[in-house]
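Throughout, protein chains are lettered first and strands after them, A, B, ... in sequence-line order, and every chain is numbered starting at 1.
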2 protein chains.
Amino acid sequence: MTRHFNFCAGPAALPEPVLARARDELLDYRGHGLSVMEMSHRSPEFVAIAERAERDLRELLAVPDDYRVLFTQGGASLQFAAVPYNLLGRGGRANFLHTGIWGKKAMAEARHLFGEAPVAASSEAGGFAAVPRPADIALTEDAAYLHYTANETIGGLEFDYIPEAVRPDGTEVPLVCDLSSSILSEPLDVSRFGVIYAGAQKNIGPAGLTVVIVREDLLDRACAEMPSLLGYRALAEGASMVNTPATYGWYLAGLVFEWLKEDIGGLAAMEAINRRKADKLYAAIDASELYSNPIAPANRSRMNVPFVLADDRLDATFLAEAEAAGLLNLKGHRSVGGMRASLYNAVPEAAVDALVDFMGDFERRKG
Amino acid sequence: MTRHFNFCAGPAALPEPVLARARDELLDYRGHGLSVMEMSHRSPEFVAIAERAERDLRELLAVPDDYRVLFTQGGASLQFAAVPYNLLGRGGRANFLHTGIWGKKAMAEARHLFGEAPVAASSEAGGFAAVPRPADIALTEDAAYLHYTANETIGGLEFDYIPEAVRPDGTEVPLVCDLSSSILSEPLDVSRFGVIYAGAQKNIGPAGLTVVIVREDLLDRACAEMPSLLGYRALAEGASMVNTPATYGWYLAGLVFEWLKEDIGGLAAMEAINRRKADKLYAAIDASELYSNPIAPANRSRMNVPFVLADDRLDATFLAEAEAAGLLNLKGHRSVGGMRASLYNAVPEAAVDALVDFMGDFERRKG
């Protein structure tokens, strides 16, 4: 068995101890005589797995008691529809902070379903190189909620603060956050949010699972007409088992939560590791003549580090040599090109050290 | 490692060779240095896995070229919404054959979203003990399609024929089938259908993956306003990668398709095994004084065999002793009680032999 360093933006690297445990339990979960995949979602064994995962996630994020945690399907992209369906039932319009491709997709889906979705602030004029400053955020009088994307996976742009969601008249509205690519990378004040959602395939587990954290008082704002399975209230009341959930992904997420608690020591410890990893890579980029990253230092993503080579004719060689050196999936998103190194929780510091060494060596030889 | 016999209705038993292969490849997929779970869905390695799975499924079911195969999420239950959204864009009403709990749920969702969904025939008056006869099926003049559930997992009621979907004026409309619990259990004439859908967690793979097979000419009937991710056209044009799919489930489904082709020898061979398994169990039930099944012989499900004990005070003992004997998950659905043995593809004939022996022994001792 060989394990390479995997910088994929998602589906992304998983912690090796989690994969090893999943492998050892794959045919026989702890003496029960069957795989977790083969268990009824309503069996005592699986319900224990599911409840433990939720408990551990609540503990890691210190989720307040008046928030419900949902384990659902369809990825963050299905939440682009589910959020407005669940929050616009009493009228008003969704407001958006526009900081990149994922936020734009969320906005497009709200417009597709509800006609309008005003932009409360945008980074577009500055080429998405910095997030809007708090003073630039202006909600509409009829804002039903404010949506933002905490970390733009493709642009590598991350909020360094939690925005306020306040209408011009001073009324607070729910803050909704797509946290897909940075959830669990650091401690979070969940009480600041109305809804948090995240596709699992970066920092939680395998693709196909979606985690939603929603404040209980928001369960009563849903539209009457929407696919029943997207309704937060039904999911909350049915313990996320309105229909058969993605049981194996849920189990793996639970193993990841355990790893975060027990092997890493919680989110403050994880944050320190993530900060070190990102600092090393950005320092190497900034010290080089060959590599560059265009994002304002305060808003550089700790999870996704895009960079370009001064001479893009070197791109293919860079990628081929990196792969030969066991550094996988460094190609930038097809919409932007260049390189991108994703440094999610499961990417070890040794991977970043190896990448920095490789980049230095490559620059000396080709730069 | 111990493997028991697992009669779960779903998530259900998976073929042991499939699980063993998944285990062996879990940390390092065939020398690539990472898990399938950790691969980008757009990587050449994963695209090869995805395409091979589709090819094998097409070969197994002899899917005609003018049908698209989609690998999506949300289970059959999300298709209860997706089907009317995709087929009612030009007006008309969904018509339903009502043969049990799952068909009723599909009908309820169509009514929730579109107001009306006439029943073209129902088994309700007969206690769902037989499917409607062809002559009893009467579509409305404005039927846009006819939906039925080929096998009712809870009631244990299975169609022994493929219905015609014809309006009173003789116009044929698309036939839509929820095939979740019997897909791949026998050869199928796909050309008879407009849309087939199936949650994976019975005969395909793990929960969280949904397979949809849709005739190409039906891709143009979608409603304008629906969650984008539910649209068949976008999924078809985006090779089911409009957003990140459930990659690991897709890979496991591919392993199951390979097992069906190579280990079993295709669907005709699978059908013969499934027929033997079901015949043995129904014969044991019919020969006994203690056990009974209420379904008309021609409509008895080959996949899900519900049965009750003449004295339901014996139920708990039966289940406890069965479990102690390594016969798992025989409890009937909470809505109907009694017992249910699900005999999906991955349940070996030896499991049925062991169950029949146990039932005979139990009856001799307690009956």
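Residue contact with chain A, scored on non-hydrogen atoms closer than 4.5 Å, is absent for B:Ala108. Looking at A:Met39, the atoms closer than 4.5 Å to chain B (heavy atoms on both sides) all sit in the backbone: N, CA, C or O. Interface remark: A:Tyr85 contributes side-chain atoms only to the contact with chain B (heavy atom separation under 4.5 Å).
Listed in order of number, the residues of residues 321-348 of chain B that approach chain A to under 4.5 Å between heavy atoms are B:Leu328, B:Asn329, B:Arg334. Listed in order of number, the residues of residues 2-16 of chain A that approach chain B to under 4.5 Å between heavy atoms are A:Thr2, A:Arg3, A:His4, A:Asn6, A:Cys8, A:Gly10, A:Pro11, A:Ala12, A:Ala13, A:Leu14, A:Glu16.
For A:Ser40, there are no side-chain hydrogen bond (donor to acceptor under 3.5 Å, both in side chains) partners two or more places apart in sequence or in a different chain. Under the side-chain hydrogen bond (donor to acceptor under 3.5 Å, both in side chains) criterion, B:Glu45 pairs with no residue, sequence neighbours left out.
Most heavy-atom pairs under 4.5 Å with chain B, from the set A:Glu25, A:Lys105, A:His41: that is A:His41. Most heavy-atom pairs under 4.5 Å with chain A: of the set B:Thr247, B:Asp28, B:Asp24, B:Leu27, this distinction falls to B:Leu27. Between chain B and the residues A:Arg23, A:Met1, A:Gln201, A:His32, the largest count of heavy-atom pairs under 4.5 Å involves A:Arg23. Options A:Thr72, A:Leu78, A:Val242, A:Val36 differ in how many heavy-atom pairs under 4.5 Å they form with chain B, and the most are formed by A:Leu78. Options B:Ala200, B:Ala246, B:Gly33 differ in how many heavy-atom pairs under 4.5 Å they form with chain A, and the most are formed by B:Gly33. Chain A forms the most heavy-atom pairs under 4.5 Å with one residue out of B:Gly75, B:Ser228, B:Pro206, and that residue is B:Ser228.
The shortest non-hydrogen separation linking A:Pro227 to B:Ala81 is CB-CB, 3.9 Å. Of all heavy-atom pairs spanning A:Asn243 and B:Gly74, the tightest one is ND2-O, 3.0 Å. Taking every heavy atom of both residues into account, A:His112 and B:Met226 meet most closely at NE2-O, 2.8 Å.
To the nearest 0.5 Å, atom CG of residue B:Leu230 and atom CG of residue A:Leu229 are 9.5 Å apart. Interatomic distance, CD of B:Gln73 versus OG1 of A:Thr210, reported as 6.5 Å (0.5 Å rounding).
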